[in-house]
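Because the structure is predicted, anything quoted here is derived from the model rather than measured. Counting from 1, the numbers follow the sequence of the chain as shown. All values below were derived from every heavy atom in this structure, side-chain atoms included, with hydrogens, water molecules and symmetry-related copies excluded.
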Amino acid sequence: MTKKTLLSGVKPTGRPHIGNYFGAMRQFVELLNSGDYSCYFFIADYHALNFIQNAEEMRRNTLDLAIDYLAIGLDPKKAVLFKQSDISAHTELCWIFDTLVTVPYLMRAHAFKDAEAKGKEVNVGTFNYPVLMAADILLYDTDVVPVGQDQKQHVEYARDIAQKFNNAFGGRTSEGCTFKLPEPKILESVATVPGIDGRKMSKSYGNTIPLFASREEIEKAVMSIVTDSSGELPANVYNIHKLFRSEEELKPLYEANKGKYANLKKALIEDIDAFIKPLREHRAELAKNEKKVHEVLAAGAERANAIASKKLEVVKKTIGVK
Ligand code: ADP
Ligand code: TRP
């Protein structure tokens, strides 16, 4: 029996945080290790170009994210790890999809609507973001896409675009429709990890606890969690704490320390540090050998390209340019 295909990506826009980890990246590792999927994990550098226009920063972030992938346990012998910009089929397929997707349809995307509502001048790359993401996903005949809640709509766009293409071109190949319809895979309990201010944890809100944070950074972040005493529990502390310890274990601790926020924050610091320390140390080891990381990405690009370029050939025949 052939395995199902799983694919996901992260933008190299800065250090990943525990929201990225619990919402998405931890699932990458677990699903890879389950042995049930052929896995592709990539660095969405062309998506990040919408936010980072500095070559040095782009290079650094990209290498850092590759090291992060390895540090959390994505084994390049088991999964294909690559960089989006190395595979030109992504942007080529994006263009082909652009000719099918309408402007009003893209105007319904949350990310575009948010940017508009904030009065930002939206570039075409941001507007087109879901189409490139659809190309990322559909090129590999992906069945499942593990992501956090905020990416659900984007996976739905990929499904719609696949369907649109299949309808427009009859989409028939000897194996069936040109594109498979992917499913998002979202873990409900951690679909939206809150930040230290109680809003969604996000690089763009500056409310994160970095995944590879130093002890000092953890202390600083936890001490600045906004404590809200309106409910039974200090919700912002508790909601982060329950990522690291079961609720059964937390109950007596929070009972015994009602209103004693400093004690609870201290306990949280210890729990986060105990969790992060081995990851941080493993990452520091891997970071010593950048050459090896570049080799991993080069080997991954070769494997990804073999699949992606074959798929693009099928698409080109289907649309009549080949
Ligand atoms: P950010 O919003 O911090 O810029 P990214 O857009 O790079 O994060 O997201 C990378 C992955 O992490 C995506 O799958 C996204 O859904 C997930 N993710 C990001 N923030 C959170 C969060 N606070 N809770 C759960 N998942 C998240
Ligand atoms: N948009 C995703 C994010 O912000 C990153 C991404 C790009 C992605 N292409 C993808 C995720 C394809 C899953 C599949 O996190």
Would you mind checking if [Y] and [X] are paired as a salt bridge, meaning a charged N to carboxylate O distance below 4.0 Å?
X      : Y      : result
Asp141 : Lys180 : no
Lys265 : Glu270 : no
Arg60  : Glu290 : yes
Glu116 : Lys113 : no
Glu295 : Lys291 : yes
Glu92  : Lys316 : yes
Lys3   : Asp36  : no

>> Applying side chain to side chain contact (heavy atoms under 4.5 Å, CB included) to Val321 and Ile96, what does each step give before you reach the verdict?
In response: CA-CA 11 Å; Val321 298; Ile96 294 169; over 6 Å; no
> What's the verdict on salt bridge (charged side-chain N to carboxylate O under 4.0 Å, His left out) for Arg283 and Asp68, showing C-alpha distance, side-chain angles and the deciding distance?
Replying inline: CA-CA 7 Å; Arg283 191 189 187 288; Asp68 298 340; 2.4 Å; yes
When you measure from the side chain of [X] to the backbone N and O of [Y], does any donor-acceptor pair fall under 3.5 Å?
X      : Y      : result
Asn263 : Lys260 : no
Ser224 : Lys220 : yes
Arg245 : Leu250 : no
Asn54  : Glu57  : yes
Thr142 : Thr5   : no
Gln153 : His110 : yes
Gln151 : Gly148 : no

Decide if the gap between the ring center of [X] and the ring center of [Y] is smaller than 6.0 angstrom.
X      : Y      : answer
Phe112 : Tyr129 : no
Tyr140 : Phe82  : yes
Phe22  : Phe275 : yes
Phe179 : Phe97  : yes

Could you pull out the closest heavy-atom pair between [X] and [Y], with the gap in Å?
X      : Y      : result
Val122 : Ala115 : CG2-CB, 3.8 Å
Leu297 : Asp86  : O-OD2, 4.5 Å
Ala221 : Thr208 : CB-O, 4.2 Å

Find out if a path of hydrophobic residues (ILVMFWY) with successive side-chain heavy-atom gaps under 4.5 Å connects [X] to [Y].
X      : Y      : answer
Trp95  : Tyr105 : no
Leu181 : Tyr157 : no
Val124 : Val101 : no
Tyr205 : Val237 : no
Met223 : Val226 : no

Side chains of [X] and [Y]: is there a donor and an acceptor less than 3.5 Å apart?
X      : Y      : value
Tyr37  : Asp143 : no
Asn33  : Lys78  : yes
His282 : Glu285 : no
Asn128 : Asp98  : yes
Asp45  : Thr62  : no

> Take atom OH in Tyr46; do more than 12 heavy atoms of anything else shown fall under 6.0 Å from it?
Replying inline: no
> Any chance CZ of Arg59 has more than 12 other-residue heavy atoms, nucleotides or ligands included, within less than 6.0 Å?
Replying inline: no
>> Determine whether Phe51 and Thr126 satisfy the following criterion, side chain to side chain contact (heavy atoms under 4.5 Å, CB included), listing intermediate values before the conclusion.
In response: CA-CA 9 Å; Phe51 307 90; Thr126 300; 5.5 Å; no
>> Please evaluate residues Lys242 and Asp271 with respect to the criterion salt bridge (charged side-chain N to carboxylate O under 4.0 Å, His left out), reporting the C-alpha separation (whole Å), side-chain torsions for both, the decisive distance (0.1 Å), and the verdict.
In response: CA-CA 10 Å; Lys242 70 179 190 204; Asp271 285 339; over 6 Å; no
>> Go through it in stages, so that I can follow the logic: the residues are Lys251 and Glu247, the test is salt bridge (charged side-chain N to carboxylate O under 4.0 Å, His left out), and I'd like the CA-CA distance, side-chain angles, deciding distance and then a yes or no.
In response: CA-CA 6 Å; Lys251 256 201 189 119; Glu247 299 207 52; over 6 Å; no
>> With a 4.5 Å cut-off on side-chain heavy atoms, are Phe212 and Leu279 touching?
In response: yes
> Got Val144 and Lys4 here, is their nearest side-chain heavy-atom distance under 4.5 Å?
Replying inline: no
>> Between Leu139 and Val315, is the side chain to side chain contact (heavy atoms under 4.5 Å, CB included) condition met? List the steps.
In response: CA-CA 9 Å; Leu139 262 180; Val315 174; over 6 Å; no
> Can you list the steps and then say if Lys203 with Thr13 is a side-chain hydrogen bond (donor to acceptor under 3.5 Å, both in side chains)?
Replying inline: CA-CA 8 Å; Lys203 286 169 219 158; Thr13 44; 3.2 Å; yes
>> Using salt bridge (charged side-chain N to carboxylate O under 4.0 Å, His left out), reason through Arg108 and Glu156 one step at a time and then give a plain yes or no.
In response: CA-CA 12 Å; Arg108 293 204 290 272; Glu156 282 160 4; over 6 Å; no
